[in-house]
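See below for the structure under consideration.
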Amino acid sequence: MPVVVVESPAKAKTINKYLGPDFTVLASYGHVRDLPAKDGSVNPEDGFAMSWEVATDSKKHVRAIAEALKTDDTLILATDPDREGEAISWHLQEALASSLKKGKKVARVTFNAITKDAVTKAMKEPREIDRPLVEAYLARRALDYLVGFTLSPVLWRKLPGAKSAGRVQSVCLRLIVEREMEIEAFRAREFWTVGATFKTPRGQEFDARLTTLGGKKLDKFDLPTATSAEMAVQAVTSRTFAVQSVEAKPASRNPYAPFMTSTLQQEASRKFGFGAKATMNAAQRLYEAGHITYMRTDGIDMAPEAVAAARAEIGKRFGAAYVPDSPRIYKNKAKNAQEAHECIRPTEMSADPESLRLTDADQRKLYDLIWKRTIASQMAAARMERTTVDIVSPDAQVGFRATGQVVQFDGFLKVYDEGRDDEEEDDARLPQLASGEALDKRKVTPDQHFTQAPPRYTEATLVKRMEELGIGRPSTYASVLTTIVDREYVKKDKNRLIPEDKGRLVTAFLANFFHKYVEYDFTADLETELDDVSAGERDYKDVLARFWRDFSAAVAETADLRIGEVLEKIDDFLAPHLYPLRADGSDPRVCPTCGSGRLHLKTARSGGAFIGCGNYPECRYTRPISTGDEAAAAVDGKVLGQDAAGNDISLRAGRFGPYVQRGEATEAQPKPDRASLPKGWDAGSLTLERALELLSLPRILGPHPADGETIEAAIGRFGPYVKHGKTYANLPDVEEVFTIGMNRAVEVLAQKLARGPGRGAAAEPLRVLGDHPDGGPVQVMPGKFGPYVKWEKVNATLPKDITPEAVTMEQALALIAEKAGKSGGKTKAAPKKAAAKTAAEKKAPAKTATKTAAKSAAKKPATKKVAAKA
């Protein structure tokens, strides 16, 4: 019987149910081959030849498929219907080449939904692997590798502390950094508006805004001060008003197109606060369970049978009035139709969220969103009436306007309305008004406003902006956003994306020395060329050759760059951020300690960056570069008060953040008492009492009841803790350090001892998920740096969006497989020196770079690695 291969066990289980016992359905667990994380895996000197390697964890899956093929003559590759799915099928065919020689047949099938009809229909329509799609994948993979393994070592050498750079992630990071610089450079402008409440002859009140003053139409900034606003109020209060005109216009709103990948990510972010990764994880599960169509798509068109089913469901649920006269057709906007698929929609229109009874909260929310959007997309338009009322004084010198709307037929709004990135005021409903009617003026109110800085990006608005610029593709957005957060280039705060210092430095470096490669147009044009490759209109090696010729030359030009020169360029680029204007108007680059030295960007041996005085070592002033600690920097040296002994307690700004200090350094006490502010404490609002509490640490709680040894509470590198002898136990809250008593401390220490006295001691698992397919339990374990899943010697950290209580066996197996693949399996890694020697012995310089980049390539550290994916 034929061997069918898909990516995941969940998908295999669903498809096996449809195909029955006449087929053997196996999972590849994603990609089975990848480029080894070392120099030379892509060889520009040999026509961009790529050296692939079967991942350690994938070998058993390949063996299982090869074993099944011994008794079966047909291999059916049924991976996802996109470029990545085509690549997985190609990799499988290549990895199984030795098992496919003796008359074995290979077929490729695709289906947009995992339903019985779609799967059985696909099996009747086999085809060969789409070579242009595979070549588009090869081009992207080679580009990402060449950028990652060529540019990242330059960052390591020239910008200490930087981790890596990527083709798409660096451009995405630039968007976030530039938006933050816009916000920091923004200066608010004051303006005023005047509103009034009027009463109709029938006793109904409504609000209007001042639009005409002195017979002229008011522009936004025509009332710049409170004085000008007050003069406008006087002009209003001294006049009577009547309705000049009432204009009512019919209007309609058409429904939104069904979801594609990017719009689904945006809407899930707006309505549920989901990150792109969480959205795609939930959508993947819904797809594999057969509930929705394929979730990685640029397409917004819907299959004719699905349109008919949606229209039938609308009529059944809401009545004929909600079904438009003809089906709605949405034009596909994808640049490359060959990679476009049907929209993301339910596989069964009648299966509403209540009937599915999904147990996973994220899947339930996402399915509800997809179902409503799909149904609404085929519903009738909403009809409304928009009314504009102009109100003037008898001399026509002062005028007001009121607007409102009435929904006369809700149409698609009965089911769904799209979320907004920014709040908008909805027009209120107006009372009955007639032209010429006198109005009673009830109150006149001036309101002060300030222009607002552009908002920080959310994942939704960033994905939308990337889509507008043509940067990346829907399948890449989630991984790109995850990468820049994981590498600590960007942090998320209340769903807003804020660049970290590392991210700013990397962006500044690339903008100065590799400007072309972080340009939006260049990245978008390259994406278009790659789309042409997948359409069979362009040779992928030509694309690679043109890119590599210029890129390798740009890398070679940085070979002789000195770190001091790099820091000087970055210092100038980030000057508005590094040296914000001071409240007293003094030069922000003059050292606040010595008063004569100039502040400069510096790097430490640890790889971090900071601002330091140019008079070092005579002046040792330093502070962080981040404006996040600007509150502390602004009050650096501020005296909060005195302790009981008369010592000044001051707030300082240090290299590692704000801290408080008791007194000053003297010969007798060169290191005065100091205490760093815990994370989350606001330096600007710090009081003397809180500072004294910090300086009083560690707190001595008393002798332990068991052995009499002292127990103390303090705040350390990893947060608050209690200590007894050599046993340290973390506390969940900083405030508990100042309040914890002896009984609670003994309990916390006992719990720590029960988990094991040291790093090597065995902790109790939080959950046991079951047995691994290869034997042995899969457990969820507590860890010093967060919970993780464990199988034999493989430990894989749980992502932040997956809790120990919610993680499934399927998710755990995927995490374990990924970790085992990265670490090279269960074997112990070779010592660094030995690894470096082996790499040096095997290295072929001619295969790692062109002659123009040879000088740069020769300086690359042999032992450093970087993730090459964008």
Side-chain angles (χ1 to χ4, degrees), residues 112-113 252-276 278-287 289-318 322-324 327-334 340-356 358 361-382 410-421 458-461 463-464 467 474 477-478:
N112 193 46
S252 64
R253 277 182 62 188
N254 288 319
Y256 305 94
F259 282 129
M260 58 180 175
T261 304
S262 58
T263 52
L264 177 63
Q265 291 173 355
Q266 292 168 44
E267 191 71 343
S269 175
R270 295 184 191 110
K271 291 195 169 177
F272 309 133
F274 286 1
T279 299
M280 297 311 291
N281 283 343
Q284 179 81 36
R285 304 293 173 263
L286 290 170
Y287 166 68
H291 298 317
I292 64 171
T293 54
Y294 192 55
M295 67 288 161
R296 291 187 179 88
T297 173
D298 289 324
I300 53 174
D301 57 315
M302 198 186 303
E305 61 271 19
V307 172
R311 288 169 59 84
E313 192 65 24
I314 293 165
K316 177 182 175 182
R317 287 175 180 265
F318 309 110
Y322 287 87
V323 183
R328 294 188 178 276
I329 306 299
Y330 295 94
K331 186 178 179 182
N332 182 23
K333 297 180 181 180
H341 306 289
E342 195 182 351
C343 64
I344 304 171
R345 63 168 177 83
T347 54
E348 293 291 337
M349 296 298 174
S350 60
D352 60 14
E354 290 74 22
S355 64
L356 282 189
L358 295 166
D362 287 358
Q363 292 181 38
R364 187 168 59 250
K365 290 179 181 177
L366 200 66
Y367 182 82
D368 181 70
L369 195 64
I370 294 168
W371 185 84
K372 287 179 177 177
R373 175 88 163 216
T374 305
I375 292 293
S377 72
Q378 287 299 323
M379 291 179 73
D410 53 4
F412 76 94
L413 294 175
K414 190 177 190 69
V415 175
Y416 174 86
D417 193 10
E418 188 173 70
R420 298 186 178 98
D421 294 317
T458 61
E459 288 202 13
T461 56
V463 165
K464 183 178 181 180
E467 188 180 26
Y477 294 148

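All values below were derived from every heavy atom in this structure, side-chain atoms included, with hydrogens, water molecules and symmetry-related copies excluded.
Judged purely by atom type and a 3.5 angstrom limit, Gln378 uses its side chain to pair as donor or acceptor with the backbone of Arg328. A donor-acceptor pair is defined here as one N or O able to donate and one able to accept, closer than 3.5 Å; no such pair exists between the side chain of Thr293 and the backbone of Ala113. A donor-acceptor pair under 3.5 Å is absent between the side-chain atoms of Arg373 and the main chain of Glu418, judged by distance alone. A donor-acceptor pair under 3.5 Å is formed between the side chain of Thr347 and the backbone N or O of His291.
Residue Tyr330 comes nearest to Pro258 through the heavy atom pair CD1-CD, 3.6 Å, listed as atom of the first residue, atom of the second, then distance. Of all the heavy atoms in Ile314 and Tyr322, the pair that sits closest is CG2-O, 3.5 Å. The minimum heavy-atom distance between Arg345 and Met302, with the atom names listed, is CD-CG, 3.6 Å. Closest approach of Ala282 and Leu366 over heavy atoms only: CB-CD2, 3.9 Å. Contact record, Tyr367 with Pro346: OH-CB, 3.6 Å, taken as the closest heavy-atom pair. Pairing each heavy atom of Met295 with each of Ile344, the nearest pair is O-CD1, 3.5 Å.
Salt-bridge annotation for Asp368 and Arg364: absent, with no side-chain N of the basic residue lying under 4.0 Å from a carboxylate O of the acidic one. Looking at Arg270 and Glu267, a side-chain N of the basic residue comes within less than 4.0 Å of a carboxylate O on the acidic one, giving a salt bridge. The existence of a salt bridge linking Asp352 and Arg317 is confirmed by a sub-4.0 Å separation between a basic side-chain nitrogen and an acidic carboxylate oxygen.
From Gln284, atom CD reaches atom CD of Gln363 across 10.5 Å, with rounding to the nearest 0.5 Å. To the nearest 0.5 Å, atom CD of residue Gln265 and atom CE of residue Met260 are 10.5 Å apart. Note: Tyr477 OH to Gln266 CD = 8.5 Å, rounded to the nearest 0.5 Å. From Ser269, atom OG reaches atom CG of Leu264 across 11.0 Å, with rounding to the nearest 0.5 Å. Here the CG atom belonging to Asp301 is positioned 9.0 Å from the CD1 atom belonging to Ile329, to the nearest 0.5 angstrom.
With contacts defined as side-chain heavy-atom distances shorter than 4.5 Å, the pair Tyr416/Ile375 does not qualify. Under the 4.5 Å side-chain criterion, counting only non-hydrogen atoms from C-beta, Trp371 is not in contact with Leu356.
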| request: Show your working on side chain to side chain contact (heavy atoms under 4.5 Å, CB included) between Leu358 and Leu286 and close with a plain yes or no. | output: CA-CA 10 Å; Leu358 295 166; Leu286 290 170; 3.7 Å; yes
| query | Which is it for Thr374 and Ile370 under the side chain to side chain contact (heavy atoms under 4.5 Å, CB included) test, yes or no, and what are the steps along the way? | reply | CA-CA 6 Å; Thr374 305; Ile370 294 168; 4.0 Å; yes
| said: The test is side chain to side chain contact (heavy atoms under 4.5 Å, CB included); show your working for Phe274 and Glu459 and say whether it passes. | reply: CA-CA 9 Å; Phe274 286 1; Glu459 288 202 13; over 6 Å; no
| query | Passes side chain to side chain contact (heavy atoms under 4.5 Å, CB included), Thr263 versus Tyr256? Steps please. | reply | CA-CA 10 Å; Thr263 52; Tyr256 305 94; over 6 Å; no
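Heavy-atom contacts from other residues, nucleotides or ligands closer than 6.0 Å to NZ of Lys271 number more than 12.
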